[in-house]
Structure formats: structure tokens, C-alpha cells
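Input: one structure, supplied below.
Order of listing sets the numbers, starting from 1, for every ligand and every atom in it. Here, residue 1 is the first one in the sequence, and each next residue gets the next number.
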Amino acid sequence: MDDNTTTRTALVSGGSRGIGRATVLALARDGFHVAFCYRSDETAALELEKEVAETGGRATGRRVDVADAAAVRAWVAEVEEGIGPVDVAVTAAGITRDNPLVLMEDEQWHQVIETNLDGVYHVCRSVVFGMMKRRAGAIVNISSVAGVYGHASQTNYAASKAGIIGFSRSLAKEVGRSGIRVNVVAPGFIETDMTTAMNEKARKDALKAIPLRRMGRAEEVADMVAYLASDRAEYVTGSVLQIDGGITI
Ligand code: NAP
């Protein structure tokens with residue numbers, strides 16, 4: 001058990017790869033003991049734990065499907081008991097199942113909503129009461145520019161990501177008086193496993209549309225998340241910060 005008086009605890013869903021992984025590293029560097037979850041890739045999770053430990057930080061991974069409410073509740077309870085009260089929660093777990101609506105399968109729709117939107121609800125629902133009791137906390141939910149502007153063949157994904165924005169702004173209004181901040185980061189195209197699945201034409205078209213002419217790096221998104229999680233952002237809540245190389249201007 002950690003000494004809770006000195007260690008701050010951060011929870012990161014989808015922390016084993018991509019943006020979540022970079023966020024685990026950034027928050028560990030900032031002094032948090034980071035509890036992260038993943039769905040299946042245990043090897044990536046173990047490697048990350050090791051990498052954080054090598055830099056003198058602490059990160060503890062668990063296999064938890066964010067679509068499973070009971071599993072998320074149990075994970076948060078385990079973290080609060082074993083590591084400490086959750087000061088910061090970041091929801092990075094997310095998937096795509098792209099298809100034009102005319103071809104969309106019910107399973108593709110439901111998988112995306114259950115992971116991306118229900119997952120955010122499950123994590124926030126599990127941490128919010130503790131944060132309210134302690135009258136402190138910062139939540140950062142990862143949306144997407146697709147949730148702000150829409151994206152063809154991503155009605156399911158865009159709906160989940162737009163839902164995260166409405167959810168987060170409403171929660172920010174609810175819990176601001178309890179000292180809790182809730183913000184959203186909306187990335188554009190970021191170099192991760194999620195975007196390596198893009199075909200060559202889609203990648204070329206995307207690069208042409210990005211004024212900065214490159215994809216973003218997971219570390220750049222993680223820096224923004226770490227800022228929102230920190231006391232430097234103590235007057236920032238209900239905001240949606242885009243990090244997209246200018247693709248939306
Ligand atoms: P990624 O590289 O595919 O990594 C996704 C992470 O989420 C992995 O750690 C994965 O664990 C975990 N995960 C997936 N489903 C889960 C579930 N049901 N329960 C628990 N963990 C789960 O994705 P990414 O590109 O870093 O994306 C991270 C977030 O940023 C997502 O919400 C995504 O929508 C958003 N985003 C990404 C981009 C982009 O261009 N990459 C742009 C805008 C927004 P396993 O490996 O074990 O499956």
C-alpha cells in the first residue's frame with residue numbers, strides 16, 4: 001500500500017497502447033502512480049509497466065473491458081484500496097469499426113458505442129463519488145475531431161465521440177462546485193495502431209488536408225492531457241481542446 005499522503009493516483013483506461021500509453025508515461029513522469037487498463041494485449045501492458053519502472057515511476061496494468069460496468073467498478077475499487085484515491089481519471093480506451101451507414105452492421109454500431117461511450121460513463125461513474133467526497137479531481141475524456149465535425153464512414157464512432165463531449169460538459173456543470181474539473185481532448189490524425197489501419201489513399205488525403213502536413217504523435221496528445229490533469233489547468237473545465245495540426249480550420 002502506498003503512502004496516500006504523498007502519492008497521487010491516476011487512472012487511465014486503454015493505457016497499454018497508443019495515446020493511452022503515452023499518457024501513462026507522461027503522468028508517471030509527473031509523479032502519479034498510474035493504474036491503467038487494457039482489453040487484451042497483456043504483453044504491451046507488461047512492457048509498459050517495465051518501462052515506467054525503469055524510469056523510476058509506477059504503473060500498474062489490469063485487463064478490464066471498459067464496456068463491462070461491473071468489471072470497471074471492481075477495478076476502481078481495487079485501485080482505491082490498493083494504490084489510493086483516484087485524483088485523475090483519463091479515458092483513452094477506444095475502437096473504430098468503420099462502415100458507411102448503408103452497410104453498417106448492428107454489431108459494429110453497438111461495439112463502438114459500448115466501448116467508446118459506455119466505457120467513459122462506466123469509468124466516470126466509478127470515480128466521481130470518491131472525488132466528490134474529497135472535493136477534488138480531474139477527469140480528461142478523449143474524444144476526436146470526428147465527434148465535433150463528423151467523418152464519413154464513422155457514424156458510429158462520431159456519435160460516440162460527440163456523446164463524450166455532451167457527457168463531459170454536463171458532468172463539468174454538475175461537479176464543478178465539488179472541486180472537480182472535467183475536460184475533453186479531441187485529437188485529429190495521430191500516429192498509432194488505430195491509424196496505421198488507414199489505407200494509403202486515405203492517409204495521403206488526410207496529409208493534404210492538414211496545414212501542418214504531418215500526423216500528430218501520441219506524446220503530443222499526452223502532453224495536453226497531462227496539462228489538463230495538472231494544477232496548471234485549475235481554472236479549466238468543460239473545455240474541448242483540439243490537437244489536430246489544423247485539419248479543422
Ligand atoms: P490504439 O492505439 O488502438 O489503442 C487503444 C487502447 O485502448 C489499447 O490500449 C486497447 O487495449 C484499449 N482498449 C480498446 N478497447 C478496450 C476496451 N473495451 N476495454 C479496455 N481497453 C480497451 O488507439 P489510439 O489511437 O491510441 O486511440 C486512443 C483514444 O484516442 C481512442 O479513444 C481513440 O478513439 C482516440 N483518438 C485517436 C485518434 C488517432 O488518430 N489515433 C484520433 C482521435 C481520437 P488492447 O490493446 O488490449 O486492445
Exercise for the section: Write out the residue and atom name of the closest protein heavy atom to atom 20 (C) of ligand 1, then the distance separating them to 0.1 Å. Expected result: Val64 O, 3.1 Å

Handout entry: Between Ser16 and Asp41, a side-chain donor and acceptor under 3.5 Å
Key =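 Absent: no donor and acceptor within the cut-off.
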
Handout entry: Nearest-option assignment for atom 22 (C) of ligand 1, heavy atoms, candidates Gly188, Ala93, Ala45
Key =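 Among Gly188, Ala93, Ala45, the closest heavy atom to atom 22 (C) of ligand 1 belongs to Ala93.
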
Practice task
In plain terms, say whether Glu220 and Arg214 are close enough for a salt bridge, that is, a side-chain N and a carboxylate O under 4.0 Å apart.
Solution key: yes

Problem - atom 26 (O) of ligand 1 - nearest protein heavy atom and its distance - result: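 For atom 26 (O) of ligand 1, the nearest protein heavy atom is Ile19 N, 2.7 Å.
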
Exercise for the section: With heavy atoms of Pro187 as the reference, note each atom of ligand 1 found under 4.0 Å away. Expected result: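 So the answer, numbered in order with elements, is 42 (C), 43 (C), 44 (C).
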
Practice task
Linking directly or through intermediates, with side-chain heavy atoms under 4.5 Å: list the remaining ILVMFWY members grouped with Ile247, chain and number order.
Solution key: Phe189, Met198, Leu207, Ile210, Leu212, Met215

Handout entry: Contacting atoms of ligand 1, where contact means under 4.0 angstrom from a heavy atom of Phe189
Key = 40 (O)

Handout entry: Sole candidate of Asp87, Val127, Val90 that passes side-chain contact (heavy atoms from CB on, under 4.5 Å) when paired with Leu11
Key =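 That would be Val127.
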
Handout entry: Distance filter under 4.0 Å to Ile95 heavy atoms, resulting ligand 1 atoms
Key =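 Numbered from 1, ligand 1 contributes 14 (C), 15 (N).
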
Problem - Interfacing atoms of ligand 1 (cut-off 4.0 Å, heavy-atom, Tyr157) - result: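 In order of number, 33 (C), 34 (O), 35 (C), 36 (N), 43 (C), 44 (C).
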
Problem - atom 9 (O) of ligand 1 [closest protein heavy-atom partner, distance rounded to 0.1 Å] - result: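 Result for atom 9 (O) of ligand 1: Ser16 OG, 2.7 Å.
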
Problem - Connected via hydrophobic side-chain network under 4.5 Å: Leu171 and Val72 - result: yes

Exercise for the section: Please state whether Ser143 comes within less than 4.0 angstrom of ligand 1, counting heavy atoms only. Expected result: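 Yes.
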
Exercise for the section: Among Asp223, Val221, Val225, find the one that has a side-chain contact (heavy atoms from CB on, under 4.5 Å) with Ile243. Expected result: Val221

Completion exercise
Among Gly94, Gly61, Ala22, Ala186, the residue with a heavy atom nearest to atom 5 (C) of ligand 1 is Gly94

Problem - Pair Asp231 + Arg181: basic N to acidic O under 4.0 Å - result: no

Exercise for the section: Salt-bridge test for Glu80 and Lys133: reply yes if a basic N is under 4.0 Å from a carboxylate O, no otherwise. Expected result: no

Exercise for the section: Using a strict cut-off of 4.0 Å, indicate which atoms of ligand 1 neighbour a heavy atom of Thr115. Expected result: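 The list of qualifying atoms is 15 (N), 18 (N).
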
Exercise for the section: State, yes or no, whether a side-chain contact exists between Leu117 and Ile164 at a heavy-atom distance under 4.5 Å. Expected result: yes

Handout entry: Close N or O approach (Ser144, ligand 1; < 3.5 Å)
Key =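 No: no nitrogen or oxygen of Ser144 is under 3.5 Å from one in ligand 1.
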
Practice task
Count the heavy atoms belonging to other residues, nucleotides or ligands that lie under 6.0 Å from CZ of Arg125, then report whether that count exceeds 12.
Solution key: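 Atom CZ in Arg125 is not packed in, count stays at 12 or less.
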
Handout entry: Proximal ligand 1 atoms for Thr192, defined as those under 4.0 Å from one of its heavy atoms
Key =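 Near Thr192, meaning under 4.0 Å from one of its heavy atoms, ligand 1 has 2 (O), 24 (P), 25 (O), 26 (O), 41 (N).
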
Handout entry: Carboxylate-amine/guanidinium contact Arg17 Glu47, below 4.0 Å
Key = no

Exercise for the section: For atom 47 (O) of ligand 1, grab the closest protein heavy atom and report residue, atom and distance to one decimal in Å. Expected result: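 Looking at atom 47 (O) of ligand 1, the protein heavy atom closest to it is Ser40 N, 2.6 Å.
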
Exercise for the section: Output all residues satisfying salt bridge (charged side-chain N to carboxylate O under 4.0 Å, His left out) with Arg73, sequence neighbours left out; order by chain, then residue number. Expected result: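 Residues passing salt bridge (charged side-chain N to carboxylate O under 4.0 Å, His left out) with Arg73: none at all.
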
Completion exercise
protein heavy-atom neighbour closest to atom 19 (N) of ligand 1 works out as Val66 N, 3.0 Å

Practice task
Test His33 against every option in Val79, Leu27, Thr7 by the side-chain contact (heavy atoms from CB on, under 4.5 Å) rule and name the one that passes.
Solution key: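 It is Thr7; the other options fail the test.
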
Handout entry: Nitrogen or oxygen atoms of Arg17 and ligand 1 under 3.5 Å apart
Key = yes

Handout entry: Closest protein heavy atom (residue, atom, distance) for atom 16 (C) of ligand 1
Key =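 Heavy-atom neighbour on the protein nearest atom 16 (C) of ligand 1: Arg39 CB, 3.6 Å.
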
Handout entry: Short N or O distance, Gly20 and ligand 1, threshold 3.5 Å exclusive
Key = no

Problem - Distance from atom 32 (O) of ligand 1 to nearest protein heavy atom, with residue and atom - result: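 Looking only at protein heavy atoms, the one closest to atom 32 (O) of ligand 1 is Lys161 NZ, 2.8 Å.
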
Exercise for the section: Report yes or no: does Met215 have a heavy atom closer than 4.0 Å to ligand 1? Expected result: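 Judged by the 4.0 Å heavy-atom criterion, Met215 does not count as contacting ligand 1.
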
Handout entry: From CG (Asn141) to CZ (Arg169), nearest 0.5 Å
Key =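 If we round to the nearest 0.5 Å, Asn141:CG and Arg169:CZ are 12.5 Å apart.
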
Problem - Ligand-residue contact atoms, ligand 1 with Asp65, heavy atoms, under 4.0 Å - result: 17 (C), 18 (N), 19 (N)

Practice task
Output yes when the distance from some N or O of ligand 1 to some N or O of Ile190 is under 3.5 Å, and no in every other case.
Solution key: yes

Handout entry: Ala92, any N or O under 3.5 Å of ligand 1 N or O
Key =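 Indeed, backbone or side chain, Ala92 has an N or O that close.
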
Exercise for the section: Among all protein heavy atoms, pick the one closest to atom 12 (C) of ligand 1 and tell me residue, atom and distance. Expected result: Gly14 CA, 3.5 Å

Problem - Which of the ligand 1 atoms, numbered from 1, are nearer than 4.0 Å to a heavy atom of Asp41 - result: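 By the 4.0 Å cutoff, the relevant atoms are 45 (P), 46 (O), 47 (O).
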
Exercise for the section: Using the rule that two of Ile, Leu, Val, Met, Phe, Trp, Tyr join whenever any of their side-chain heavy atoms come within less than 4.5 Å, decide whether Phe167 and Val175 are in one cluster. Expected result: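 Yes, Phe167 connects to Val175 through the hydrophobic network.
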
